[in-house]
A.B. asks: 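Sharing a structure here in structure tokens format.
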There are 2 protein chains.
Amino acid sequence: MPTGFSADEMQKLDDMVEKRRRIKQGELLFSSGDEFVSLYAIRVGFFKTCVSSEDGREQVTGFQMAGEIIGMDGIVSDHHNCNAIALEDAEVCVMPFSDIEHLSRELPALQRNVHKIMSREIVRENSVMMLLGNMRAEERLAAFLLNLVQRLHARGLSQSELVLRMTREEIGSYLGLKLETVSRAFSKFSEDGIIEVKQRYVRIVEPDALKKIFNPQTYY
Amino acid sequence: MPTGFSADEMQKLDDMVEKRRRIKQGELLFSSGDEFVSLYAIRVGFFKTCVSSEDGREQVTGFQMAGEIIGMDGIVSDHHNCNAIALEDAEVCVMPFSDIEHLSRELPALQRNVHKIMSREIVRENSVMMLLGNMRAEERLAAFLLNLVQRLHARGLSQSELVLRMTREEIGSYLGLKLETVSRAFSKFSEDGIIEVKQRYVRIVEPDALKKIFNPQTYY
DNA sequence: TATTATTTTTGACATGCATCAAAGCTATAA
DNA sequence: TTATAGCTTTGATGCATGTCAAAAATAATA
């Protein structure tokens, strides 16, 4: 959240985000069909969002970490359109959307922020579409790992080490691959000395090699 | 746009959308990297939006028709993040985003509308992710055709006949398929008597059969 | 009209990933 | 410790879609 607010304005923002909610690993923050009331700012923990078709196929649409906002899918129809599941014990700020709308009429900086957050999600989904539509398995996994460490690094964590919060199956669902294919791609990267993997722990040994796989052209 | 505005408010809305722009077939409304200034409401015509990776692969991220809003990808970074290309001669309303933000502070109904439009785009992209991640070629094409006629029907056009504004290759790019695969799926549907195809013209003979292909479970 | 370019269709073949299966590993509980 | 369940790895095989190629249909241009 940007700064530049007066004390009074800060107070109103604080009031809006005062309510907290804890979600244990495996529990739902919201699910498809729930009435939409609030956006959620993740304080601690890690989530996945997923949609499922009527015949039971599931698509993970994103992984969200601390500092990210979740729930914008619900605005259009006043009902949530996906499930949000905690991949580890988590805590969120509950931000009633009517409060957000009300307050952002007074605070242009907040208004702008809300717009940017939604636009960022649209742009993110655009690049997932590129990934799903055009990339091969190893490119997808490289893109996924690079994106994860980049976001973790932006939160002050390592840019070379990470602990995956999700299973191979969930990664596969996000990347449009089967879990076996994800596992094989991990093994391949490991054999090639690009990463070290031990279950959920991953260390990126050769980030440039990963980037080259993700985007061959830049390194012709 | 919803109603319920006063005469004064309607005037402000009118002022905001007064500027028009014509785009000929094949021309760009905006392209990736352009400074973001305005959203565009399509008055007439048909667009595609696409992103391209540095090594030249292209992904069509959507097809937009009259009455739809385009350009929200630009908000997050103040620069557009995709290309918008007219698939037929088109005309749009230019809506400066600063005006939209300013006015939506006064008009809650407008504010709500802007939020819904962005949320709708997020939800749409979620279902494209499902399509790209989980569905097979014929399911994708069935979903695509059903979505198109549904949107055309909502505009007062036929729910069984349509003229495609895009090539097989563009359909394929949107659906994560090669043009040959799209062509084969069209032929298959045609052989099975589900649709009639003649180049860009398509008539849906058996909508239920299409829905069944799109979503087998509902019809077990 | 003839000519050229673009788009679409169809066939033959190749391949990347899915599927099926089994074993190994890890974590949790008894 | 042993037992159980869940997750991951690896191998063998199959299939849906990609690739390559050529012809047909259509549209654009001279």
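Within every chain, numbering begins at 1; the chains are lettered A, B, ... in the order of the sequence lines, protein sequences first and strands thereafter.
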A.B. asks: If you count every heavy atom of other residues, nucleotides or ligands that lies below 6.0 Å from K116(B) atom NZ, does the total exceed 12?
C.D. replies: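 Yes, NZ of K116(B) has more than 12 neighbouring heavy atoms, counting only those of other groups under 6.0 Å.
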A.B. asks: If you count every heavy atom of other residues, nucleotides or ligands that lies below 6.0 Å from E58(A) atom CD, does the total exceed 12?
C.D. replies: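 It does: E58(A) CD has more than 12 such atoms within range.
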A.B. asks: Has the side chain of R140(B) got a donor or acceptor atom that lies under 3.5 Å from a matching backbone atom of L132(B)?
C.D. replies: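 Side chain of R140(B) to backbone of L132(B): a pair is present.
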A.B. asks: If you count heavy atoms of other groups shown closer than 6.0 angstrom to CD of Q159(A), is the number above 12?
C.D. replies: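 No, the 6.0 Å shell around CD holds no more than 12 heavy atoms from other groups.
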A.B. asks: Using five base pairs at each end, measure the axis-to-axis angle across the helix from dT1(C)-dA30(D) to dA30(C)-dT1(D) and round it to 10 degrees.
C.D. replies: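 Helix axis angle between the two ends: 40°.
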A.B. asks: Distance check needed: dT26(C) C1' versus L164(A) CG, whole Å only.
C.D. replies: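 The distance from CG of L164(A) to C1' of dT26(C) comes to 15 Å, rounded to the nearest Å.
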A.B. asks: Excluding sequence neighbours, so at least two apart, what forms ring-ring contact (aromatic ring centres under 6.0 Å, His included) with F47(B)?
C.D. replies: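 Expected list: none.
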A.B. asks: Can you tell me if R22(B) has over 12 outside heavy atoms packed within less than 6.0 Å of its CZ?
C.D. replies: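 Not more than 12 within 6.0 Å, no.
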A.B. asks: Flag yes if more than 12 heavy atoms outside E169(A) fall under 6.0 Å of its CD atom; otherwise flag no.
C.D. replies: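 At most 12 heavy atoms, drawn from other residues, nucleotides or ligands, come within 6.0 Å of this atom.
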A.B. asks: Nearest whole Å is fine: how far is dA24(D) C1' from R168(B) CZ?
C.D. replies: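 My rounded result for the distance is 14 Å.
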A.B. asks: At under 4.0 Å, does any side-chain N or O of R200(A) touch on OP1 or OP2 of dC7(D)?
C.D. replies: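 For dC7(D), neither OP1 nor OP2 has a side-chain N or O of R200(A) closer than 4.0 Å.
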A.B. asks: If you measure only the distance, is there a donor-acceptor pair under 3.5 Å linking the side chains of T49(B) and Q64(B)?
C.D. replies: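 A donor-acceptor contact under 3.5 Å links the two side chains.
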A.B. asks: dT10(D) P sits how many Å from F186(A) CZ, rounded?
C.D. replies: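 Taking atom P of dT10(D) as the reference, CZ of F186(A) is at 13 Å.
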A.B. asks: With rounding to the nearest 0.5 Å, note down the distance linking CD1 in I122(B) to CE in M72(B).
C.D. replies: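 Rounded to the nearest 0.5 Å, the CD1-CE separation comes to 8.5 Å.
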A.B. asks: Would you mind building the protein contact string for nucleotides 25-30 of chain D? One character per nucleotide, 5' to 3', B for base within reach (heavy atoms under 4.0 Å), S for sugar-phosphate only, - for untouched.
C.D. replies: -S----
A.B. asks: Between atom OH in Y201(A) and atom C1' in dT8(D), what is the gap in whole Å?
C.D. replies: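 Roughly 18 Å, once rounded to whole Å.
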A.B. asks: Would you kindly say whether Q59(B) and N134(A) are connected by a side-chain donor-acceptor distance under 3.5 Å?
C.D. replies: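 Yes, because at least one side-chain N or O of Q59(B) sits under 3.5 Å from a partner of the opposite role on N134(A).
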A.B. asks: Identify whether the distance between the nearest side-chain nitrogen and carboxylate oxygen of R165(A) and E88(A) falls below 4.0 Å.
C.D. replies: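 So R165(A) pairs with E88(A) through a salt bridge.
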A.B. asks: Let me know the distance between CD of Q25(A) and P of dC7(D), rounded to the nearest Å.
C.D. replies: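 Distance check: Q25(A) CD to dC7(D) P gives 10 Å.
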A.B. asks: How many whole angstroms separate atom CZ of R165(A) from atom P of dC7(D)?
C.D. replies: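 Result: 15 Å.
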A.B. asks: In terms of ring plane angle, is the pair Y174(A) and F63(A) parallel, tilted or perpendicular, where the classes change at 30° and 60°?
C.D. replies: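 Plane angle over 60°, so perpendicular.
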A.B. asks: Report yes or no: do S190(A) and E196(A) form a side-chain donor-acceptor pair below 3.5 Å?
C.D. replies: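 The criterion, which ignores hydrogens and geometry beyond distance, is not satisfied for E196(A) and S190(A).
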A.B. asks: So if I take residues 82-90 of chain B and measure heavy-atom distances to DNA chain D, which residues fall below 4.0 Å?
C.D. replies: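 Nucleic-acid contacts, sorted: none.
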A.B. asks: Counting only side-chain heavy atoms from C-beta out, which of dT8(C), dT9(C), dT9(D) sits nearest to S183(A)?
C.D. replies: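 The nucleotide sitting nearest to the side chain is dT9(D).
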A.B. asks: Return the value, rounded to whole Å, for the distance between atom NZ of K188(A) and atom C1' of dG11(D).
C.D. replies: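 Spelled out: NZ on K188(A) to C1' on dG11(D) is 17 Å.
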A.B. asks: Let me know the distance between CD of E169(B) and P of dT9(C), rounded to the nearest Å.
C.D. replies: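 These atoms are roughly 13 Å apart.
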A.B. asks: What does the B/S/- profile of nucleotides 11-20 of chain C look like, 5' to 3', with a 4.0 Å heavy-atom cutoff to protein?
C.D. replies: BB---SSSBB
A.B. asks: Can you name the residues that form a ring-ring contact (aromatic ring centres under 6.0 Å, His included) with F36(B), not counting sequence neighbours?
C.D. replies: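 Testing F36(B) for ring-ring contact (aromatic ring centres under 6.0 Å, His included), a comparison that skips the adjacent residues, returns H80(B), F97(B).
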